Amino acid sequence: QVQLVESGGGLVQAGGSLRLSCAASGRTFSNYAMGWFRQAPGKDREFVAAISWGGITTNYADSVRGRVTISRDNAKNMVYLQMNSLNSEDTGVYYCAGGRYGSIYTVYDYWGQGTQVTVSS
């Protein structure tokens, strides 16, 4: 089992930045690829970004590419999501996930409880 706890969400004005963090505990964190997903009210959960177990390979949704950076620190069992130039479309609950590398939520076995991000215009 891997336990994931997100933090860093909040209310931010459009154009602002946020850095989300995800703390992992349990099984060896570095064995897993990590991803971030988000879910807006009334919408399906959607992929945001993913990073391979060693941090070498990353992938981003088209909607966030160039504005968002995913990173990880295996020594600290942490994964991060730096988000810049936020807009109202970025509002939602952000989830950290651990599992196999990919953009489909079904490849991830472990999920955090989510952290709310609200972007005001």
Side-chain angles (χ1 to χ4, degrees):
Q1 283 286 71
V2 174
Q3 291 77 44
L4 302 172
V5 179
E6 303 95 335
S7 61
L11 175 64
V12 62
Q13 288 188 333
S17 299
L18 276 178
R19 187 195 196 204
L20 305 183
S21 299
C22 175
S25 60
R27 286 189 173 182
T28 306
F29 172 73
S30 59
N31 287 348
Y32 297 94
M34 300 297 295
W36 285 95
F37 288 75
R38 67 187 182 189
Q39 188 166 18
K43 295 187 177 180
D44 293 333
R45 190 170 300 191
E46 66 172 353
F47 170 74
V48 177
I51 187 166
S52 60
W53 64 269
I56 301 301
T57 305
T58 57
N59 187 27
Y60 298 93
D62 289 342
S63 59
V64 303
R65 187 173 288 113
R67 301 187 296 116
V68 166
T69 302
I70 187 171
S71 61
R72 67 189 296 165
D73 186 337
N74 286 345
K76 296 182 178 180
N77 285 3
M78 297 291 294
V79 63
Y80 306 99
L81 189 72
Q82 176 67 44
M83 303 189 293
N84 302 320
S85 301
L86 288 163
N87 58 63
S88 59
E89 296 295 311
D90 297 314
T91 293
V93 178
Y94 282 69
Y95 298 92
C96 173
R100 291 175 288 157
Y101 182 77
S103 60
I104 308 299
Y105 74 90
T106 53
V107 306
Y108 293 91
D109 300 309
Y110 305 104
W111 293 84
Q113 84 290 346
T115 186
Q116 176 71 45
V117 171
T118 303
V119 183
S120 64
S121 56

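No experiment lies behind these values; they were computed from the predicted model shown. The residues of the chain are indexed from 1 along the displayed sequence. These values consider heavy atoms only, across backbone and side chains, with no hydrogens, waters or symmetry-generated copies.
- Between R45 and W111 there is a side-chain heavy-atom pair separated by less than 4.5 Å.
- For the pair Y94 and E6, the minimum side-chain heavy-atom distance is 4.5 Å or more.
- Residue pairs meeting the disulfide (SG to SG under 2.5 Å) criterion with at least one partner in residues 3-100, sequence neighbours excluded, are C22-C96.
- Between Y110 and L4 the shortest heavy-atom distance is O-CD1, 3.5 Å.
- Hydrophobic clustering (side-chain heavy atoms under 4.5 Å, transitive across Ile, Leu, Val, Met, Phe, Trp, Tyr) groups V117 together with I70.
- In this structure, Y108 has its ring center closer than 6.0 angstrom to the ring center of F37.
- Residue L11 comes nearest to S120 through the heavy atom pair CD1-CB, 4.2 Å, listed as atom of the first residue, atom of the second, then distance.
- Both Y32 and W36 are part of a single hydrophobic cluster, where members link through side-chain heavy atoms under 4.5 Å apart.
- Distance alone, capped at 3.5 Å, places no donor-acceptor pair between the R72 side chain and the G55 backbone.
- With rounding to the nearest 0.5 angstrom, the OG atom of S103 is 11.5 Å from the CD atom of E46.
- Minimum heavy-atom separation, V119 to T91: N-OG1, 2.9 Å.
- Taking both residues in full, the closest heavy atoms of G8 and L18 are given as O-CD2, 3.7 Å, listed atom of the first, atom of the second, then distance.
- V79 and V48 fall within a single hydrophobic cluster, where Ile, Leu, Val, Met, Phe, Trp and Tyr are joined by side-chain heavy atoms under 4.5 Å apart, directly or via other members.
- Under a hydrophobic clustering in which Ile, Leu, Val, Met, Phe, Trp and Tyr are joined whenever their side-chain heavy atoms come within less than 4.5 Å, directly or via other members, M34 and Y105 fall into different clusters.
- Under the 3.5 Å distance criterion, the side-chain polar atoms of Y101 are matched with a main-chain donor or acceptor of T58.
- The closest donor-acceptor contact from the side chain of N74 to the backbone of W53 lies under 3.5 Å.
- Put simply, the side chain of L20 reaches to within 4.5 Å of the side chain of M83, judged on heavy atoms.
- Enclosure of atom CD in Q113 by more than 12 non-hydrogen atoms of other residues, nucleotides or ligands within 6.0 angstrom is indicated.
- Using a 4.5 Å heavy-atom cutoff, the side chains of R38 and S63 are in contact.
- Within the 4.5 Å cutoff, no side-chain heavy atoms of Q82 are placed close to those of S71.
- Counting heavy atoms of neighbouring residues, nucleotides and ligands inside a 6.0 Å radius, atom CG of D44 does not exceed 12 of them.
- Residues F47 and G102 come closest through the heavy atom pair CE1-O, 3.7 Å.
- The two atoms that bring N77 and F29 nearest to each other are OD1-CB, 3.4 Å, heavy atoms only.
- Taking OG from S121 and CD from Q13, the interatomic distance works out to 9.5 Å, rounded to the nearest 0.5 Å.
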